[in-house]
2 protein chains.
Amino acid sequence: MSIRNPKQALYEQFAIVAKALGHPLRLEMIEHLAQGARSVEALAAKLGQPVANISQHLQALRRAGIVSAERDGKFVHYSLADASVLSAFAAVRGVAERRLAEVDRIVRGYFDARDDMRPVTRDELQALMRDGLVTLIDVRPTDEFALGHVPGAINVPLSEIKAWSSRAGAGMEVVAYCRGPWCVMSFEAVAALRSLGHSARRLEDGMPEWRAAGLPVEVAA
Amino acid sequence: MSIRNPKQALYEQFAIVAKALGHPLRLEMIEHLAQGARSVEALAAKLGQPVANISQHLQALRRAGIVSAERDGKFVHYSLADASVLSAFAAVRGVAERRLAEVDRIVRGYFDARDDMRPVTRDELQALMRDGLVTLIDVRPTDEFALGHVPGAINVPLSEIKAWSSRAGAGMEVVAYCRGPWCVMSFEAVAALRSLGHSARRLEDGMPEWRAAGLPVEVAA
DNA sequence: CCGTCCTTCAATAGAGTAATTGAATGACGG
DNA sequence: CCGTCATTCAATTACTCTATTGAAGGACGG
(Lines give C-alpha, C1' and ligand atoms only; values in the text may rest on other atoms or scores of the structure.)
Protein backbone atom coordinates (compact mmCIF):
# COMPACT_ATOMS: atom_id res chain seq x y z
CA MET A 1 0.00 0.00 0.00
CA SER A 2 2.97 2.34 0.29
CA ILE A 3 3.54 2.71 -3.46
CA ARG A 4 0.69 4.49 -5.16
CA ASN A 5 0.00 5.76 -8.57
CA PRO A 6 0.20 9.51 -8.94
CA LYS A 7 -3.54 9.96 -9.21
CA GLN A 8 -4.16 8.33 -5.86
CA ALA A 9 -1.25 10.21 -4.36
CA LEU A 10 -2.75 13.51 -5.49
CA TYR A 11 -6.19 12.60 -4.22
CA GLU A 12 -4.71 11.78 -0.85
CA GLN A 13 -3.32 15.29 -0.72
CA PHE A 14 -6.63 16.83 -1.67
CA ALA A 15 -8.29 14.70 1.00
CA ILE A 16 -5.87 16.05 3.61
CA VAL A 17 -7.16 19.55 2.92
CA ALA A 18 -10.81 18.52 2.97
CA LYS A 19 -10.32 16.48 6.12
CA ALA A 20 -8.80 19.46 7.86
CA LEU A 21 -11.93 21.45 6.98
CA GLY A 22 -14.09 18.61 8.30
CA HIS A 23 -14.40 19.66 11.93
CA PRO A 24 -16.71 22.36 13.24
CA LEU A 25 -14.17 23.77 15.65
CA ARG A 26 -11.55 24.07 12.94
CA LEU A 27 -14.04 25.87 10.73
CA GLU A 28 -14.73 28.29 13.53
CA MET A 29 -10.99 28.79 13.98
CA ILE A 30 -10.73 29.64 10.30
CA GLU A 31 -13.50 32.19 10.61
CA HIS A 32 -11.63 33.89 13.45
CA LEU A 33 -8.27 33.76 11.69
CA ALA A 34 -9.95 35.33 8.67
CA GLN A 35 -10.40 38.48 10.79
CA GLY A 36 -6.66 38.69 11.34
CA ALA A 37 -3.65 36.86 12.77
CA ARG A 38 -3.97 35.46 16.28
CA SER A 39 -1.74 33.78 18.82
CA VAL A 40 -2.71 30.33 20.06
CA GLU A 41 -3.71 31.77 23.40
CA ALA A 42 -5.82 34.57 21.90
CA LEU A 43 -7.62 32.16 19.63
CA ALA A 44 -8.25 29.76 22.49
CA ALA A 45 -9.74 32.59 24.53
CA LYS A 46 -12.03 33.66 21.66
CA LEU A 47 -13.32 30.12 21.26
CA GLY A 48 -13.47 29.20 24.94
CA GLN A 49 -11.29 26.16 24.41
CA PRO A 50 -8.21 24.79 26.17
CA VAL A 51 -4.97 26.08 24.70
CA ALA A 52 -3.56 22.62 24.01
CA ASN A 53 -6.65 21.64 22.06
CA ILE A 54 -6.43 24.72 19.87
CA SER A 55 -2.73 24.16 19.39
CA GLN A 56 -3.34 20.66 18.11
CA HIS A 57 -6.04 21.74 15.71
CA LEU A 58 -3.74 24.49 14.46
CA GLN A 59 -1.12 21.85 13.71
CA ALA A 60 -3.69 19.93 11.71
CA LEU A 61 -4.59 23.07 9.78
CA ARG A 62 -0.94 23.81 9.17
CA ARG A 63 -0.23 20.33 7.86
CA ALA A 64 -3.06 20.89 5.39
CA GLY A 65 -1.57 24.19 4.25
CA ILE A 66 -4.58 26.12 5.51
CA VAL A 67 -2.85 28.30 8.07
CA SER A 68 0.70 29.54 8.38
CA ALA A 69 2.61 30.33 11.55
CA GLU A 70 5.01 33.10 12.34
CA ARG A 71 6.92 33.34 15.56
CA ASP A 72 7.12 36.74 17.24
CA GLY A 73 9.03 36.51 20.48
CA LYS A 74 7.15 34.33 22.88
CA PHE A 75 4.09 34.22 20.68
CA VAL A 76 3.34 32.28 17.54
CA HIS A 77 0.88 34.13 15.35
CA TYR A 78 -1.27 32.04 13.08
CA SER A 79 -3.06 33.37 10.04
CA LEU A 80 -4.76 32.01 6.94
CA ALA A 81 -2.13 30.80 4.52
CA ASP A 82 -3.85 31.82 1.34
CA ALA A 83 -6.92 33.57 0.00
CA SER A 84 -7.91 30.27 -1.59
CA VAL A 85 -8.75 28.98 1.88
CA LEU A 86 -11.70 31.35 2.05
CA SER A 87 -12.85 30.22 -1.38
CA ALA A 88 -12.74 26.61 -0.25
CA PHE A 89 -14.66 27.44 2.90
CA ALA A 90 -17.24 29.35 0.88
CA ALA A 91 -17.59 26.53 -1.62
CA VAL A 92 -18.16 23.96 1.10
CA ARG A 93 -20.65 26.27 2.73
CA GLY A 94 -22.40 26.67 -0.61
CA VAL A 95 -22.91 22.94 -0.98
CA ALA A 96 -24.30 22.72 2.54
CA GLU A 97 -26.63 25.68 2.00
CA ARG A 98 -27.98 24.31 -1.23
CA ARG A 99 -28.27 20.69 -0.32
CA LEU A 100 -28.64 20.04 3.40
CA ALA A 101 -32.16 20.25 4.78
CA GLU A 102 -30.78 20.71 8.27
CA VAL A 103 -29.10 23.96 7.22
CA ASP A 104 -32.41 25.20 5.91
CA ARG A 105 -34.07 24.29 9.18
CA ILE A 106 -31.48 26.15 11.26
CA VAL A 107 -31.67 29.21 9.03
CA ARG A 108 -35.45 29.29 9.22
CA GLY A 109 -35.56 28.64 12.94
CA TYR A 110 -32.97 31.10 14.10
CA PHE A 111 -31.72 33.49 11.45
CA ASP A 112 -34.94 34.28 9.63
CA ALA A 113 -36.55 35.10 12.97
CA ARG A 114 -34.02 37.89 13.39
CA ASP A 115 -33.70 39.13 9.84
CA ASP A 116 -35.63 37.77 6.92
CA MET A 117 -34.85 40.70 4.65
CA ARG A 118 -32.54 40.46 1.69
CA PRO A 119 -29.11 41.63 2.85
CA VAL A 120 -27.47 44.67 1.32
CA THR A 121 -24.87 43.81 -1.32
CA ARG A 122 -21.42 45.33 -1.24
CA ASP A 123 -22.20 47.40 -4.31
CA GLU A 124 -25.41 48.73 -2.80
CA LEU A 125 -23.61 49.58 0.41
CA GLN A 126 -20.97 51.55 -1.41
CA ALA A 127 -23.64 53.60 -3.20
CA LEU A 128 -25.56 54.21 0.04
CA MET A 129 -22.39 55.24 1.85
CA ARG A 130 -21.37 57.58 -0.94
CA ASP A 131 -24.69 59.38 -0.70
CA GLY A 132 -24.57 59.44 3.10
CA LEU A 133 -27.86 57.60 3.37
CA VAL A 134 -26.90 55.01 5.98
CA THR A 135 -24.79 54.51 9.04
CA LEU A 136 -22.57 51.46 8.80
CA ILE A 137 -21.81 49.64 12.04
CA ASP A 138 -19.27 46.88 12.63
CA VAL A 139 -20.61 44.76 15.47
CA ARG A 140 -17.47 42.71 16.04
CA PRO A 141 -15.37 43.04 19.20
CA THR A 142 -13.08 46.05 19.25
CA ASP A 143 -9.88 44.08 18.71
CA GLU A 144 -11.19 42.60 15.49
CA PHE A 145 -12.42 45.96 14.30
CA ALA A 146 -8.94 47.36 14.91
CA LEU A 147 -7.36 44.74 12.63
CA GLY A 148 -9.33 46.02 9.67
CA HIS A 149 -12.81 47.29 8.88
CA VAL A 150 -14.88 48.79 6.10
CA PRO A 151 -13.94 52.45 5.62
CA GLY A 152 -16.49 54.68 7.30
CA ALA A 153 -17.83 51.98 9.59
CA ILE A 154 -18.11 52.66 13.29
CA ASN A 155 -17.47 49.95 15.84
CA VAL A 156 -20.51 49.08 17.95
CA PRO A 157 -19.97 45.70 19.60
CA LEU A 158 -23.15 43.76 20.13
CA SER A 159 -23.25 44.43 23.87
CA GLU A 160 -23.28 48.18 23.27
CA ILE A 161 -26.04 48.29 20.68
CA LYS A 162 -28.64 49.53 23.12
CA ALA A 163 -26.47 52.26 24.61
CA TRP A 164 -25.38 53.39 21.16
CA SER A 165 -28.96 53.50 19.94
CA SER A 166 -30.09 55.79 22.73
CA ARG A 167 -27.09 58.05 22.17
CA ALA A 168 -27.66 58.18 18.46
CA GLY A 169 -31.39 58.74 18.55
CA ALA A 170 -34.15 56.75 16.90
CA GLY A 171 -35.12 56.36 13.28
CA MET A 172 -31.69 55.86 11.78
CA GLU A 173 -30.96 53.86 8.67
CA VAL A 174 -28.35 51.32 9.74
CA VAL A 175 -26.41 48.60 7.96
CA ALA A 176 -24.63 46.07 10.16
CA TYR A 177 -21.92 43.51 9.40
CA CYS A 178 -19.60 41.25 11.32
CA ARG A 179 -17.44 38.20 10.63
CA GLY A 180 -19.16 36.53 7.73
CA PRO A 181 -22.41 35.57 6.07
CA TRP A 182 -23.81 33.53 8.98
CA CYS A 183 -22.18 35.42 11.78
CA VAL A 184 -24.74 35.50 14.57
CA MET A 185 -23.84 38.96 15.82
CA SER A 186 -25.09 40.93 12.85
CA PHE A 187 -28.42 39.10 12.98
CA GLU A 188 -28.76 39.87 16.67
CA ALA A 189 -27.78 43.46 16.05
CA VAL A 190 -30.36 43.94 13.31
CA ALA A 191 -33.11 42.40 15.44
CA ALA A 192 -32.18 44.62 18.39
CA LEU A 193 -31.98 47.77 16.29
CA ARG A 194 -35.36 47.16 14.71
CA SER A 195 -36.96 46.67 18.10
CA LEU A 196 -35.42 50.02 19.06
CA GLY A 197 -37.11 51.75 16.16
CA HIS A 198 -34.37 51.83 13.57
CA SER A 199 -34.46 50.67 10.00
CA ALA A 200 -31.70 48.09 10.01
CA ARG A 201 -30.36 45.66 7.43
CA ARG A 202 -27.36 43.41 7.18
CA LEU A 203 -24.49 43.51 4.74
CA GLU A 204 -24.47 40.34 2.64
CA ASP A 205 -21.37 39.04 4.33
CA GLY A 206 -18.51 40.08 6.55
CA MET A 207 -15.07 41.63 6.67
CA PRO A 208 -13.07 38.72 5.21
CA GLU A 209 -15.26 38.64 2.11
CA TRP A 210 -15.00 42.42 1.75
CA ARG A 211 -11.26 42.14 1.86
CA ALA A 212 -11.24 39.16 -0.52
CA ALA A 213 -13.27 41.19 -3.01
CA GLY A 214 -10.32 43.59 -3.19
CA LEU A 215 -12.19 46.50 -1.61
CA PRO A 216 -10.38 49.04 0.57
CA VAL A 217 -9.86 48.22 4.22
CA GLU A 218 -9.26 50.71 7.01
CA VAL A 219 -6.89 49.75 9.82
CA ALA A 220 -6.81 51.42 13.22
CA ALA A 221 -3.82 53.68 13.72
CA MET B 1 -24.05 18.55 24.21
CA SER B 2 -27.27 18.02 22.32
CA ILE B 3 -28.44 21.62 22.47
CA ARG B 4 -26.19 23.90 20.48
CA ASN B 5 -26.24 27.46 19.47
CA PRO B 6 -27.11 28.05 15.83
CA LYS B 7 -23.59 28.98 14.85
CA GLN B 8 -22.19 25.68 16.05
CA ALA B 9 -25.11 23.85 14.49
CA LEU B 10 -24.36 25.44 11.11
CA TYR B 11 -20.66 24.71 11.37
CA GLU B 12 -21.45 21.09 12.09
CA GLN B 13 -23.38 20.96 8.85
CA PHE B 14 -20.56 22.57 6.91
CA ALA B 15 -18.17 20.08 8.50
CA ILE B 16 -20.33 17.19 7.30
CA VAL B 17 -19.78 18.33 3.72
CA ALA B 18 -16.04 18.82 4.17
CA LYS B 19 -15.68 15.52 5.96
CA ALA B 20 -17.40 13.74 3.11
CA LEU B 21 -14.82 15.25 0.75
CA GLY B 22 -12.05 14.13 3.07
CA HIS B 23 -11.36 10.69 1.66
CA PRO B 24 -9.35 9.96 -1.48
CA LEU B 25 -11.70 7.26 -2.69
CA ARG B 26 -14.72 9.51 -2.35
CA LEU B 27 -12.94 12.22 -4.30
CA GLU B 28 -12.23 9.72 -7.04
CA MET B 29 -15.88 8.71 -7.00
CA ILE B 30 -16.85 12.34 -7.44
CA GLU B 31 -14.53 12.65 -10.43
CA HIS B 32 -16.20 9.67 -12.05
CA LEU B 33 -19.71 10.82 -11.25
CA ALA B 34 -18.82 14.17 -12.78
CA GLN B 35 -18.59 12.38 -16.14
CA GLY B 36 -22.19 11.22 -15.81
CA ALA B 37 -24.57 9.18 -13.68
CA ARG B 38 -23.47 5.70 -12.66
CA SER B 39 -24.95 2.69 -10.91
CA VAL B 40 -23.25 1.42 -7.78
CA GLU B 41 -21.99 -1.58 -9.65
CA ALA B 42 -20.65 0.40 -12.58
CA LEU B 43 -18.85 2.79 -10.28
CA ALA B 44 -17.39 -0.08 -8.28
CA ALA B 45 -16.09 -1.65 -11.49
CA LYS B 46 -14.48 1.63 -12.63
CA LEU B 47 -12.71 2.01 -9.32
CA GLY B 48 -11.83 -1.64 -8.75
CA GLN B 49 -13.55 -1.68 -5.38
CA PRO B 50 -16.04 -4.02 -3.73
CA VAL B 51 -19.63 -3.03 -4.36
CA ALA B 52 -20.54 -2.81 -0.67
CA ASN B 53 -17.66 -0.44 -0.02
CA ILE B 54 -18.72 1.88 -2.84
CA SER B 55 -22.33 1.69 -1.66
CA GLN B 56 -21.37 2.84 1.81
CA HIS B 57 -19.26 5.69 0.54
CA LEU B 58 -22.15 6.73 -1.69
CA GLN B 59 -24.38 6.86 1.36
CA ALA B 60 -21.87 9.12 3.06
CA LEU B 61 -21.79 11.40 0.02
CA ARG B 62 -25.57 11.44 -0.10
CA ARG B 63 -25.88 12.37 3.56
CA ALA B 64 -23.60 15.30 2.80
CA GLY B 65 -25.78 16.40 -0.11
CA ILE B 66 -22.98 15.77 -2.58
CA VAL B 67 -24.64 13.11 -4.70
CA SER B 68 -28.25 12.29 -5.41
CA ALA B 69 -29.74 8.89 -6.16
CA GLU B 70 -32.43 7.87 -8.58
CA ARG B 71 -33.82 4.38 -8.81
CA ASP B 72 -34.32 2.91 -12.27
CA GLY B 73 -35.63 -0.62 -12.02
CA LYS B 74 -33.01 -2.81 -10.42
CA PHE B 75 -30.39 -0.11 -10.58
CA VAL B 76 -29.83 2.98 -8.52
CA HIS B 77 -28.11 5.68 -10.52
CA TYR B 78 -26.02 8.17 -8.59
CA SER B 79 -24.98 11.53 -9.90
CA LEU B 80 -23.56 14.78 -8.55
CA ALA B 81 -26.31 16.64 -6.73
CA ASP B 82 -25.29 20.14 -7.69
CA ALA B 83 -22.80 22.08 -9.77
CA SER B 84 -21.53 23.59 -6.52
CA VAL B 85 -19.96 20.24 -5.71
CA LEU B 86 -17.46 20.71 -8.51
CA SER B 87 -16.67 24.21 -7.26
CA ALA B 88 -16.01 22.84 -3.81
CA PHE B 89 -13.79 20.11 -5.20
CA ALA B 90 -11.92 22.66 -7.29
CA ALA B 91 -11.50 25.00 -4.33
CA VAL B 92 -10.10 22.24 -2.14
CA ARG B 93 -7.80 21.20 -4.96
CA GLY B 94 -6.69 24.81 -5.30
CA VAL B 95 -5.62 25.00 -1.67
CA ALA B 96 -3.69 21.76 -2.01
CA GLU B 97 -1.99 22.88 -5.22
CA ARG B 98 -0.95 26.19 -3.79
CA ARG B 99 0.08 25.11 -0.34
CA LEU B 100 1.12 21.47 -0.12
CA ALA B 101 4.72 20.71 -0.99
CA GLU B 102 3.85 17.09 -1.57
CA VAL B 103 1.50 18.05 -4.42
CA ASP B 104 4.31 19.98 -6.02
CA ARG B 105 6.59 16.97 -5.68
CA ILE B 106 4.07 14.63 -7.32
CA VAL B 107 3.41 17.07 -10.15
CA ARG B 108 7.08 17.52 -10.84
CA GLY B 109 7.88 13.84 -10.56
CA TYR B 110 5.12 12.44 -12.71
CA PHE B 111 3.10 15.00 -14.61
CA ASP B 112 5.81 17.39 -15.72
CA ALA B 113 7.77 14.42 -17.09
CA ARG B 114 4.89 13.77 -19.50
CA ASP B 115 3.84 17.30 -20.33
CA ASP B 116 5.49 20.39 -19.00
CA MET B 117 3.90 22.69 -21.56
CA ARG B 118 1.23 25.20 -20.70
CA PRO B 119 -2.13 23.58 -21.42
CA VAL B 120 -4.49 25.02 -24.02
CA THR B 121 -7.27 27.12 -22.54
CA ARG B 122 -10.87 26.57 -23.50
CA ASP B 123 -10.93 29.85 -25.38
CA GLU B 124 -7.81 28.99 -27.30
CA LEU B 125 -9.20 25.60 -28.17
CA GLN B 126 -12.39 27.08 -29.53
CA ALA B 127 -10.41 29.41 -31.77
CA LEU B 128 -8.15 26.61 -33.00
CA MET B 129 -11.13 24.36 -33.70
CA ARG B 130 -12.95 27.11 -35.56
CA ASP B 131 -9.97 27.55 -37.87
CA GLY B 132 -9.52 23.78 -38.29
CA LEU B 133 -5.97 23.95 -36.98
CA VAL B 134 -6.06 21.05 -34.53
CA THR B 135 -7.57 17.63 -34.01
CA LEU B 136 -9.25 17.29 -30.62
CA ILE B 137 -9.18 13.86 -29.03
CA ASP B 138 -11.08 12.67 -25.97
CA VAL B 139 -8.98 9.94 -24.36
CA ARG B 140 -11.61 8.71 -21.92
CA PRO B 141 -13.22 5.26 -22.20
CA THR B 142 -15.95 5.05 -24.81
CA ASP B 143 -18.83 4.91 -22.31
CA GLU B 144 -17.78 8.20 -20.74
CA PHE B 145 -17.34 9.81 -24.16
CA ALA B 146 -20.87 8.71 -25.03
CA LEU B 147 -22.32 10.51 -22.01
CA GLY B 148 -21.08 13.85 -23.28
CA HIS B 149 -18.03 15.28 -25.02
CA VAL B 150 -16.70 18.48 -26.55
CA PRO B 151 -18.32 19.05 -29.96
CA GLY B 152 -15.95 17.97 -32.71
CA ALA B 153 -13.83 15.75 -30.48
CA ILE B 154 -13.09 12.21 -31.55
CA ASN B 155 -12.86 9.41 -29.01
CA VAL B 156 -9.44 7.79 -28.83
CA PRO B 157 -9.12 5.85 -25.59
CA LEU B 158 -5.63 5.72 -24.22
CA SER B 159 -5.07 2.10 -25.25
CA GLU B 160 -5.76 2.97 -28.88
CA ILE B 161 -3.51 5.98 -29.20
CA LYS B 162 -0.79 4.11 -31.05
CA ALA B 163 -3.14 2.45 -33.54
CA TRP B 164 -4.91 5.74 -34.14
CA SER B 165 -1.65 7.55 -34.69
CA SER B 166 -0.50 5.15 -37.38
CA ARG B 167 -3.89 5.35 -39.08
CA ALA B 168 -3.93 9.11 -38.94
CA GLY B 169 -0.37 9.67 -40.10
CA ALA B 170 2.41 11.64 -38.43
CA GLY B 171 2.83 15.34 -37.85
CA MET B 172 -0.66 16.19 -36.66
CA GLU B 173 -1.50 18.99 -34.29
CA VAL B 174 -3.45 17.34 -31.50
CA VAL B 175 -5.15 18.57 -28.34
CA ALA B 176 -6.13 15.94 -25.78
CA TYR B 177 -8.44 16.05 -22.77
CA CYS B 178 -10.01 13.63 -20.35
CA ARG B 179 -11.72 13.74 -16.95
CA GLY B 180 -10.21 16.77 -15.30
CA PRO B 181 -7.12 18.87 -14.71
CA TRP B 182 -4.99 16.11 -13.19
CA CYS B 183 -6.46 13.20 -15.07
CA VAL B 184 -3.54 10.90 -15.82
CA MET B 185 -4.82 9.74 -19.20
CA SER B 186 -4.38 13.02 -21.05
CA PHE B 187 -0.81 13.33 -19.76
CA GLU B 188 -0.04 9.81 -20.94
CA ALA B 189 -1.71 10.51 -24.27
CA VAL B 190 0.30 13.66 -24.87
CA ALA B 191 3.57 11.91 -24.00
CA ALA B 192 2.74 9.01 -26.31
CA LEU B 193 1.69 11.26 -29.18
CA ARG B 194 4.84 13.34 -28.96
CA SER B 195 7.01 10.25 -29.06
CA LEU B 196 5.09 9.27 -32.21
CA GLY B 197 5.99 12.52 -33.91
CA HIS B 198 2.91 14.62 -33.30
CA SER B 199 2.63 18.06 -31.82
CA ALA B 200 0.39 17.40 -28.86
CA ARG B 201 -0.90 19.56 -26.02
CA ARG B 202 -3.47 19.14 -23.30
CA LEU B 203 -6.66 21.08 -22.73
CA GLU B 204 -6.47 22.93 -19.40
CA ASP B 205 -9.01 20.64 -17.81
CA GLY B 206 -11.61 18.05 -18.60
CA MET B 207 -15.20 17.44 -19.59
CA PRO B 208 -16.88 18.37 -16.27
CA GLU B 209 -15.22 21.77 -16.25
CA TRP B 210 -16.16 22.34 -19.90
CA ARG B 211 -19.75 21.59 -19.05
CA ALA B 212 -19.64 23.71 -15.90
CA ALA B 213 -18.39 26.65 -17.98
CA GLY B 214 -21.68 26.49 -19.86
CA LEU B 215 -20.11 25.45 -23.16
CA PRO B 216 -21.97 23.17 -25.58
CA VAL B 217 -21.78 19.43 -25.03
CA GLU B 218 -22.36 16.77 -27.63
CA VAL B 219 -24.05 13.55 -26.58
CA ALA B 220 -23.90 10.28 -28.52
CA ALA B 221 -27.11 9.42 -30.34
C1' DC C 1 -45.10 -15.78 -7.00
C1' DC C 2 -40.53 -17.42 -7.11
C1' DG C 3 -35.76 -17.03 -8.45
C1' DT C 4 -32.34 -13.67 -9.81
C1' DC C 5 -29.79 -9.76 -9.44
C1' DC C 6 -28.58 -4.96 -7.74
C1' DT C 7 -28.22 -2.63 -3.71
C1' DT C 8 -28.28 -1.80 1.21
C1' DC C 9 -27.92 -3.07 5.96
C1' DA C 10 -25.68 -5.11 10.17
C1' DA C 11 -21.84 -6.65 12.61
C1' DT C 12 -17.07 -6.85 13.22
C1' DA C 13 -12.19 -5.74 13.70
C1' DG C 14 -8.73 -2.49 13.06
C1' DA C 15 -7.17 2.12 12.21
C1' DG C 16 -7.46 6.78 12.84
C1' DT C 17 -9.17 11.05 15.38
C1' DA C 18 -10.50 14.05 19.48
C1' DA C 19 -10.08 15.96 23.99
C1' DT C 20 -7.60 15.96 28.30
C1' DT C 21 -3.70 16.09 31.21
C1' DG C 22 0.88 17.00 32.51
C1' DA C 23 5.53 17.47 31.07
C1' DA C 24 8.93 19.50 27.77
C1' DT C 25 10.60 23.09 24.64
C1' DG C 26 12.06 27.63 23.47
C1' DA C 27 12.30 32.65 23.91
C1' DC C 28 12.32 36.61 26.64
C1' DG C 29 13.47 39.64 30.99
C1' DG C 30 15.71 40.37 34.85
C1' DC D 1 21.74 32.13 33.47
C1' DC D 2 17.56 31.39 35.80
C1' DG D 3 12.65 32.00 36.21
C1' DT D 4 8.58 32.88 33.55
C1' DC D 5 5.40 32.20 30.16
C1' DA D 6 3.53 30.80 25.41
C1' DT D 7 3.42 26.89 22.90
C1' DT D 8 4.08 22.11 21.69
C1' DC D 9 4.63 17.30 22.61
C1' DA D 10 3.44 12.74 24.62
C1' DA D 11 0.34 9.66 26.53
C1' DT D 12 -4.20 8.31 27.71
C1' DT D 13 -8.98 7.40 26.94
C1' DA D 14 -13.07 7.60 24.35
C1' DC D 15 -14.94 7.96 20.10
C1' DT D 16 -15.53 7.71 15.02
C1' DC D 17 -14.40 6.06 10.54
C1' DT D 18 -12.98 2.29 7.21
C1' DA D 19 -13.17 -2.12 5.02
C1' DT D 20 -14.91 -6.64 5.01
C1' DT D 21 -18.25 -10.14 5.33
C1' DG D 22 -22.63 -12.19 5.03
C1' DA D 23 -27.46 -11.54 5.14
C1' DA D 24 -31.61 -8.80 4.00
C1' DG D 25 -34.52 -5.59 0.91
C1' DG D 26 -36.60 -4.61 -3.56
C1' DA D 27 -37.53 -4.87 -8.39
C1' DC D 28 -37.76 -7.36 -12.54
C1' DG D 29 -38.65 -11.69 -15.57
C1' DG D 30 -40.40 -15.78 -16.19
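Here the structure is a predicted model, which is why all the values come from computation and not from measurement. Residue numbers begin at 1 in each chain, while the letters A, B, ... track the order of the sequences.
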Could you encode protein contacts along nucleotides 13-27 of chain D as a string, one character per nucleotide from 5' to 3', using B for base contact, S for sugar-phosphate-only contact and - for no contact, with a heavy-atom cut-off of under 4.0 Å?
-> ----SSBBB-----S
For [X], which residues count as a salt bridge (charged side-chain N to carboxylate O under 4.0 Å, His left out) partner, sequence neighbours excluded?
| X | result |
| --- | --- |
| B/Arg26 | none |
| B/Arg211 | none |
| A/Glu209 | none |

Of all residues at least two apart in sequence or in a different chain, which pass the ring pair (Phe, Tyr, Trp, His ring centres under 6.0 Å) check with B/Phe111?
-> B/Trp182, B/Phe187
Chain B on DNA chain C: first and last contacting nucleotide, 5' to 3', under 4.0 Å to a heavy atom?
->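 Footprint of chain B along DNA chain C, 5' to 3': C/dC5 to C/dA10.
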Considering only distance and modelled atom types, tabulate donor-acceptor pairs under 3.5 Å from the side chains of residues 145-154 of chain A, sequence neighbours left out.
unit_1	atom_1	unit_2	atom_2	d
A/His149	ND1	A/Phe145	O	2.8
A/His149	ND1	A/Glu218	O	3.4
A/His149	NE2	A/Glu218	OE2	3.2

Residue pairs fulfilling salt bridge (Lys or Arg N to Asp or Glu O under 4.0 Å) with at least one residue in residues 70-89 of chain B, sequence neighbours excluded =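 Every pair satisfying salt bridge (Lys or Arg N to Asp or Glu O under 4.0 Å) with a residue in residues 70-89 of chain B: there are none.
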Axis deviation across the helix from C/dC1-D/dG30 to C/dG30-D/dC1, five-pair ends, to the nearest 10° =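 Computed angle between terminal axes is 30°.
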Of all residues at least two apart in sequence or in a different chain, which pass the side chain to side chain donor-acceptor pair (under 3.5 Å) check with B/Arg118?
->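 With neighbours one apart ignored, the set is B/Glu124.
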State which residues pass side chain to side chain donor-acceptor pair (under 3.5 Å) with A/Thr142; sequence neighbours excluded, sorted by chain then number.
->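 Side chain to side chain donor-acceptor pair (under 3.5 Å) list for A/Thr142, sorted by chain: A/Asn155.
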Return no unless some side-chain N or O of A/Ser55 is found under 4.0 Å from OP1 or OP2 of D/dC9.
-> no
Between atom CG in A/Leu61 and atom P in D/dT7, what is the gap in whole Å?
->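 In whole Å, D/dT7 P and A/Leu61 CG are 16 Å from each other.
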Donor-acceptor pairs are to be reported for all side-chain atoms of residues 40-55 of chain B against protein atoms at under 3.5 Å, with residues two or more places apart or in another chain.
unit_1	atom_1	unit_2	atom_2	d
B/Lys46	NZ	B/Asp143	OD1	3.2
B/Lys46	NZ	B/Asp143	OD2	3.1
B/Lys46	NZ	B/Glu144	OE2	2.8
B/Gln49	OE1	B/Asn53	ND2	2.8
B/Asn53	OD1	B/His57	NE2	3.3

Nearest atoms (heavy-atom pairs only) where A/Ser79 meets A/Ala37 =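 For A/Ser79 and A/Ala37, the tightest heavy-atom pair comes out as CB-CB, 3.9 Å.
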